[in-house]
2 protein chains.
Amino acid sequence: MIEPRHLRVLRAVSATGSFSAAARELGCTQPAVSQQMKALESAAGTPLIVRAGREMRLTQAGEVLVRHATGILAGLTAAEEEIAAIAGLRAGRVRLVSFPSGSSTLVPSALAALRAAHPGTRVSLVEAEPPSSAEMLRAGDCDVALAFRYGGPGEEWDDLVERPLLTDRLVGVVPEDHRLARAESVSIAELAEEAWIAGCPRCRTQLVEACGAAGFSPRIDFATDDYPAVIGLVAAGLGVAVLPELALASARVDGVRTLRVAPAVRREIVALTLPDLAQVPAVAATLDELERAAER
Amino acid sequence: MIEPRHLRVLRAVSATGSFSAAARELGCTQPAVSQQMKALESAAGTPLIVRAGREMRLTQAGEVLVRHATGILAGLTAAEEEIAAIAGLRAGRVRLVSFPSGSSTLVPSALAALRAAHPGTRVSLVEAEPPSSAEMLRAGDCDVALAFRYGGPGEEWDDLVERPLLTDRLVGVVPEDHRLARAESVSIAELAEEAWIAGCPRCRTQLVEACGAAGFSPRIDFATDDYPAVIGLVAAGLGVAVLPELALASARVDGVRTLRVAPAVRREIVALTLPDLAQVPAVAATLDELERAAER
DNA sequence: GCTCGATTATAAGGAGCGCTTTGGGGTATC
DNA sequence: GATACCCCAAAGCGCTCCTTATAATCGAGC
């Protein structure tokens with residue numbers, strides 16, 4: 001078995017023409033070089049160098065091996081450098097999945113900071129709602145998933161690493177001329193008779209649950225996961241809605257009023273990843289930047 | 001430091017998708033694979049594989065390393081195979097130097113046998129007389145030198161490996177119509193008054209010495225290391241000569257008679273090489289074939 | 001829900017390898 | 001002839017790696 005160590009020694013010996021000089025170049029003692037060369041010759045099955053008086057020359061086999069050594073060692077160092085670039089965040093790719101309101105608020109800020117801190121990293125972004133984004137993670141189709149949950153921590157991603165980012169609150173959205181438009185806050189029950197405009201499927205489920213807790217079943221006239229559309233529909237007087245604060249942060253709110261909802265309904269926004277991937281530098285850096293973006 | 005062993009393990013793990021299967025493929029135990037992978041990840045500074053439930057997938061760094069591994073391991077095996085070809089006499093080059101009468105007798109026979117036994121070997125042949133052929137050996141300009149010596153073993157190549165091939169005898173050469181042409185043998189002293197035709201410088205020196213021992217100094221009219229020319233000069237009646245038997249073996253002897261010289265003068269024909277080179281398979285095979293050719 | 005089979009991780013023991021130190025032989029140079 | 005340099009050989013030591021043995025985890029099937 002020929003080892004890279006052998007090839008380094010042989011190359012140094014060939015370059016310097018002396019065991020001692022090679023040892024100095026390699027930072028070891030001369031007997032070490034001597035032993036390596038002997039081991040290499042034994043592995044090769046034929047002498048590699050020939051000593052004629054003072055000087056050394058390579059045999060044909062030695063020349064062959066030196067010629068190969070260059071390529072092999074170059075390949076090895078190239079591999080090491082590329083890996084070091086990934087480990088040192090001078091390179092690396094992160095496949096990020098986010099839900100719509102996250103990808104328009106947290107994600108741009110986080111990715112800008114990531115790019116600034118580590119210009120070599122590359123991030124790809126795909127949109128997906130929480131139930132499927134965790135599946136993409138498990139299937140290996142992404143590295144980080146931005147997700148949210150309404151309930152407690154005992155949810156469907158116990159096998160994933162969860163990095164909490166922020167707590168989002170639901171706010172009520174009513175037309176400017178609504179009877180409650182001037183109220184500071186509103187309870188869900190006060191909207192029992194309204195027409196509703198629901199958001200994404202998961203938010204819709206949450207809405208139905210919240211209304212159920214307040215003792216009624218909402219009459220949902222429209223449902224879309226396009227939040228600007230929801231706001232537009234509300235502004236047009238077609239109904240009311242509850243939306244995550246985060247969704248409002250990146251939308252124009254002309255023609256509507258937002259109301260605090262009492263009791264407050266919260267959703268936890270978290271970043272998910274696989275346990276192993278959490279150790280990957282580029283993934284860890286992305287999680288850090290997402291957390292930092294959430295603080296702003 | 002990334003070792004080829006690591007790359008082999010990683011490649012096997014990547015190919016089989018399992019540590020245990022990789023261990024079976026590599027012919028070692030599963031903990032060995034586990035430890036190698038851990039060591040490799042530690043050396044890389046980032047995870048290389050990610051476990052999602054049952055299956056394993058490579059991280060980006062893992063994919064990079066596998067991609068490099070192919071080339072690196074291919075280079076290593078190519079080097080090993082090329083060296084093995086030289087060590088196994090399926091390849092290899094020998095630079096042979098011979099004196100003229102050797103290269104026309106021993107050498108063709110030996111090289112034909114070498115080619116038959118090891119078709120992959122290549123031999124180059126250059127002619128040079130003994131004093132300089134040993135120098136070429138020391139200077140690295142050839143691998144094997146065919147040489148001869150008249151004296152005892154204590155000569156000028158103590159630092160070389162000497163393989164004795166055969167003992168050559170000097171014979172006298174006289175014109176067909178010479179007064180001694182019918183004699184069985186002749187002593188040097190009987191030729192004291194003749195005109196002499198000498199061979200190569202070394203043979204000429206030897207001739208002068210032998211004549212000196214017989215009590216006279218030869219009158220040398222011509223000197224050439226072209227043995228057919230010597231024979232031609234003798235046949236033309238321009239003098240007498242003593243030549244090695246070997247030189248006569250490959251020359252036409254029309255018009256001359258050969259006589260045994262008493263007391264016999266011998267020269268040892270040997271193959272020389274450097275101690276290190278004697279271990280090189282192609283060199284050793286060449287020496288063996290030369291020895292075998294000398295027996296014929 | 002439970003057990004079985006397979007896979008992986010961990011710990012301990014032992015063998016092998018490589019490096020260093022030390023001392024000796026050889027050669028070219030002054 | 002003395003010196004300096006270079007290489008080899010042997011002994012000691014630490015380290016690495018592999019193996020065996022055992023525990024823990026996961027998925028499949030009854």
Side-chain angles (χ1 to χ4, degrees), chain A residues 1-10 12-44 47-59 62 138-140 156-161 274-276 279, chain B residues 1-10 12-43 47-59 62 135 138-140 156-161 274-276 279:
Chain A
M1 187 69 60
I2 296 180
E3 307 265 351
R5 179 172 357 107
H6 295 143
L7 298 182
R8 283 183 231 278
V9 170
L10 176 65
V13 168
S14 164
T16 63
S18 144
F19 282 14
S20 298
R24 285 189 292 271
E25 183 175 315
L26 296 171
C28 64
T29 61
Q30 169 268 319
V33 173
S34 197
Q35 291 176 19
Q36 290 291 329
M37 288 299 301
K38 181 182 285 187
L40 182 57
E41 289 193 328
S42 151
L48 300 174
I49 56 174
V50 48
R51 262 174 291 280
R54 173 73 77 174
E55 66 185 334
M56 274 184 186
R57 279 187 307 276
L58 292 171
T59 64
R138 294 193 185 91
E156 61 263 59
W157 44 67
D158 300 340
D159 54 333
L160 303 178
V161 172
L274 293 173
D276 291 325
Q279 309 303 319
Chain B
M1 187 69 62
I2 295 180
E3 307 265 350
R5 179 173 358 108
H6 295 142
L7 298 182
R8 281 182 232 278
V9 170
L10 176 66
V13 168
S14 164
T16 63
S18 145
F19 282 17
S20 299
R24 285 191 292 271
E25 182 174 314
L26 296 171
C28 65
T29 61
Q30 167 267 319
V33 173
S34 198
Q35 291 175 18
Q36 289 292 327
M37 287 301 300
K38 182 183 284 188
L40 182 55
E41 289 192 329
S42 151
L48 299 175
I49 57 175
V50 48
R51 259 175 294 277
R54 173 72 74 176
E55 64 185 337
M56 274 183 185
R57 280 188 307 276
L58 292 171
T59 64
E135 277 318 305
R138 294 193 186 90
E156 64 261 58
W157 44 68
D158 300 339
D159 54 334
L160 304 177
V161 172
L274 293 173
D276 292 324
Q279 309 304 319

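Proteins come first, then strands; the chains are lettered A, B, ... in the order of their sequence lines, and each starts at number 1.
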Asks: Quickly work out the B/Met1 CE to D/dT16 P distance and round it to whole Å.
Replies: 13 Å
Asks: Test side chain to side chain contact (heavy atoms under 4.5 Å, CB included) on B/Asp276 and A/Thr59 and set out the steps.
Replies: CA-CA 9 Å; B/Asp276 292 324; A/Thr59 64; over 6 Å; no
Asks: Within the sub-3.5 Å range, which N or O atoms of nucleotides 14-18 of chain C have a protein N or O partner, and how far apart are they?
Replies:
none

Asks: Residues two or more places apart in sequence or in another chain: which of them pass salt bridge (charged side-chain N to carboxylate O under 4.0 Å, His left out) with B/Arg138?
Replies: B/Glu135, B/Asp159
Asks: Which atoms form the tightest heavy-atom contact between A/Pro47 and B/Gln279, and what is the distance?
Replies: CG-CB, 3.3 Å
Asks: Using atom CE of B/Met37 as one end and atom P of D/dC17 as the other, report the distance to the nearest whole Å.
Replies: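 Nearest whole value for this atom pair: 14 Å.
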Asks: Would you compute the distance between atom CZ of A/Phe19 and atom CZ of A/Arg51 and round it to the nearest 0.5 angstrom?
Replies: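 If we round to the nearest 0.5 Å, A/Phe19:CZ and A/Arg51:CZ are 5.0 Å apart.
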Asks: Considering non-hydrogen atoms only, spot the tightest contact between A/Glu3 and B/Pro4 and give its length.
Replies: OE1-CD, 4.3 Å
Asks: Are any protein N/O atoms closer than 3.5 Å to N/O atoms in nucleotides 4-9 of chain C? If there are, list each pair with its distance.
Replies:
residue : atom : partner : partner atom : Å
C/dT8   : OP1  : B/Phe19 : N            : 2.8
C/dT8   : OP2  : B/Phe19 : N            : 3.3
C/dT8   : OP2  : B/Ser20 : N            : 2.6
C/dT8   : OP2  : B/Ser20 : OG           : 2.6
C/dA9   : OP1  : B/Arg51 : NH2          : 3.1
C/dA9   : OP2  : B/Ser34 : OG           : 2.7
C/dA9   : N7   : B/Gln30 : NE2          : 3.2

Asks: In chain order, what residues pass the side-chain hydrogen bond (donor to acceptor under 3.5 Å, both in side chains) check against B/Arg57, with sequence neighbours excluded?
Replies: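 B/Arg57 satisfies side-chain hydrogen bond (donor to acceptor under 3.5 Å, both in side chains) with B/Glu55 once adjacent residues are dropped.
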Asks: Can you give the donor-acceptor pairs under 3.5 Å from side chains of residues 20-40 of chain B to other protein atoms, not counting sequence neighbours?
Replies:
residue : atom : partner : partner atom : Å
B/Gln36 : OE1  : B/His6  : NE2          : 3.3

Asks: Is there side-chain contact between B/Leu274 and B/Val161, with heavy atoms separated by less than 4.5 Å?
Replies: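 No. Closest side-chain heavy atoms not under 4.5 Å.
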Asks: Closer than 4.0 Å, any side-chain N/O of A/Thr29 to the OP1 or OP2 of C/dT20?
Replies: yes
Asks: Work out how much the helix from C/dG1-D/dC30 to C/dC30-D/dG1 bends between its end axes, five pairs an end, to the nearest 10 degrees.
Replies: 20°
Asks: What distance separates A/Ser14 OG from A/Met56 CE, expressed to the nearest 0.5 Å?
Replies: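 So the gap between those two atoms works out to 11.0 Å.
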